[in-house]
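Numbers restart at 1 for each chain; the letters A, B, ... are given by sequence-line order, proteins then strands.
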There are 2 protein chains.
Amino acid sequence: MSGSLARSDRDDVARARTDGALETLVGYNLKRAYMLFQTDFRETMGDDGLTPRSFSALSLVVERPGITQSDVSRCLGIERSGLVAMIDDLERRGHLRRVPVPGDRRVQALQATPDGCAAYDRMLAEVRAHEARVLATLDADERETLVTLLRKLRTARKDQGE
Amino acid sequence: MSGSLARSDRDDVARARTDGALETLVGYNLKRAYMLFQTDFRETMGDDGLTPRSFSALSLVVERPGITQSDVSRCLGIERSGLVAMIDDLERRGHLRRVPVPGDRRVQALQATPDGCAAYDRMLAEVRAHEARVLATLDADERETLVTLLRKLRTARKDQGE
DNA sequence: TATTGTTATACTCTATAACTATA
DNA sequence: TATAGTTATAGAGTATAACAATA
């Protein structure tokens, strides 16, 4: 039954090294690393800055002028409905505009404004600095390996049957 | 001003390869990879299965009998308050019990039940299978490298001044 | 004063479903 | 019948703040 534990036993437990099954699981370590990035990203961008998600959307719009919301949602793997408020916000900030497309009146192409492009360039620099900060403990090779492995994980997935 | 785009231009855009700044950012790739794991984890555990979080808590309790809620929250990097409902749930499932500690009446040590240990072993096997599935595109070396890099990212952080 | 467990609360994120207008 | 954009809504996840009991 062992209903209770002595104080010293608990202290031993607390001192145990962190080497359980959890540490061997990729998912767990992935989540912890992701949380690190998330937190620092938000601190970097400030209270009324872009979120990781809206930054990624803006990035897509800047780099692929004329992309539609549906395209963005597919590229980022998120729901179309979630994009509306985000694009509203980016438009309100003056970073982009919704532009009608002659050939298809259902669609509105997304076009970054000059100000939006400039703001994006500044933010991208900040984001790279933020990543350098969080990745400080890895050398250049390790960083590249990490990105490569993460991308491999994802891109290869699309091709599979599943 | 270029108010609108022709259909064919948009199609070109849609066909563009996915090689923008986003793909070079660790944070973005980390998030996408994390989403992959999360989704598959939940599918693996089923509708009334443990969440990634409660599984990690149970793992800690099984491997460090007598650990307290505060210890768990510190190990996992989450708030104490968030643990209460989780531990309630694990207790309701019969996986663990709250056990009074003689030396300190504020504390309740967490003790996995025999059933809880058995259930954990089964779940851990399922989780490992789930990880093997999601990691199918990486070979053994790559998987180990990935875990190592993710852990290095995190563990080294603690030691820093910040 | 500090810590453990707890409650209440609010906020963010995000998906689902349904609607409309077009195609 | 399918797609783009939209709206409304609900649910999960999680943090914050406060409190009681104990140290």
* Taking NZ, NE, NH1 and NH2 as the nitrogens, is one of them in B:Glu23 or A:Arg151 under 4.0 Å from a carboxylate oxygen of the other? ->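 Answer for the salt bridge query: yes.
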Tell me which nucleotide among [options] gets nearest to the side chain of [X].
X	options	answer
B:Arg80	C:dG5, C:dA23, C:dT3	C:dG5
A:Ser81	C:dG5, D:dG5, C:dA15	C:dA15
B:Arg106	D:dG5, D:dA23, D:dT14	D:dA23
A:Gln69	D:dG5, C:dT4, C:dT6	D:dG5
A:Gln108	D:dG5, C:dT22, C:dT4	D:dG5
A:Asp104	C:dA23, D:dT6, C:dT14	C:dA23

Could you state the [atom1]-[atom2] distance from [X] to [N], rounded to the nearest angstrom?
X	N	atom1	atom2	value
B:Leu83	D:dT14	CG	P	11 Å
B:Met86	C:dT6	CE	P	13 Å
A:Arg32	D:dT14	CZ	P	12 Å
B:Arg98	C:dG5	CZ	C1'	8 Å
A:Asp71	D:dT3	CG	C1'	12 Å

* **C:dC13 OP1/OP2 closer than 4.0 Å to side-chain N/O of B:Lys31** =>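 It does not, given that no N or O in the side chain of B:Lys31 lies less than 4.0 Å from OP1 or OP2 of C:dC13.
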* At under 4.0 Å, does any side-chain N or O of A:Arg53 touch on OP1 or OP2 of C:dA15? ->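 Result: yes.
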* Contact summary for A:Phe55 and A:Met45, nearest pair of heavy atoms ->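 Reported closest heavy-atom pair: CD1-CE, 4.2 Å.
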* Could you go through the side chain to side chain donor-acceptor pair (under 3.5 Å) check for B:Arg98 and B:Gln69 one step at a time? => CA-CA 10 Å; B:Arg98 288 170 162 102; B:Gln69 288 183 209; 3.2 Å; yes
* Between B:Gly82 and A:Gly77, who's closer to the 5' end of DNA chain C by nearest nucleotide? ->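 First, find each residue's nearest nucleotide; the 5'-ward one identifies B:Gly82.
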* So what does B:Glu79 touch, heavy atoms closer than 4.0 Å: a base, only the sugar-phosphate, or nothing? ->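 Contact class for B:Glu79: base.
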* Asked: Does B:Glu142 use its side chain to pair, donor to acceptor, with the backbone of B:Asp139 at less than 3.5 Å?
  ->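 At least one qualifying donor-acceptor pair exists.
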* Asked: Between B:Arg42 and A:Arg74, who's closer to the 5' end of DNA chain D by nearest nucleotide?
  ->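 Taking each residue's closest nucleotide, the earlier one in sequence belongs to A:Arg74.
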* How about B:Thr51 and B:Ser54: does a side-chain donor come under 3.5 Å of a side-chain acceptor? ->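 Short answer, yes.
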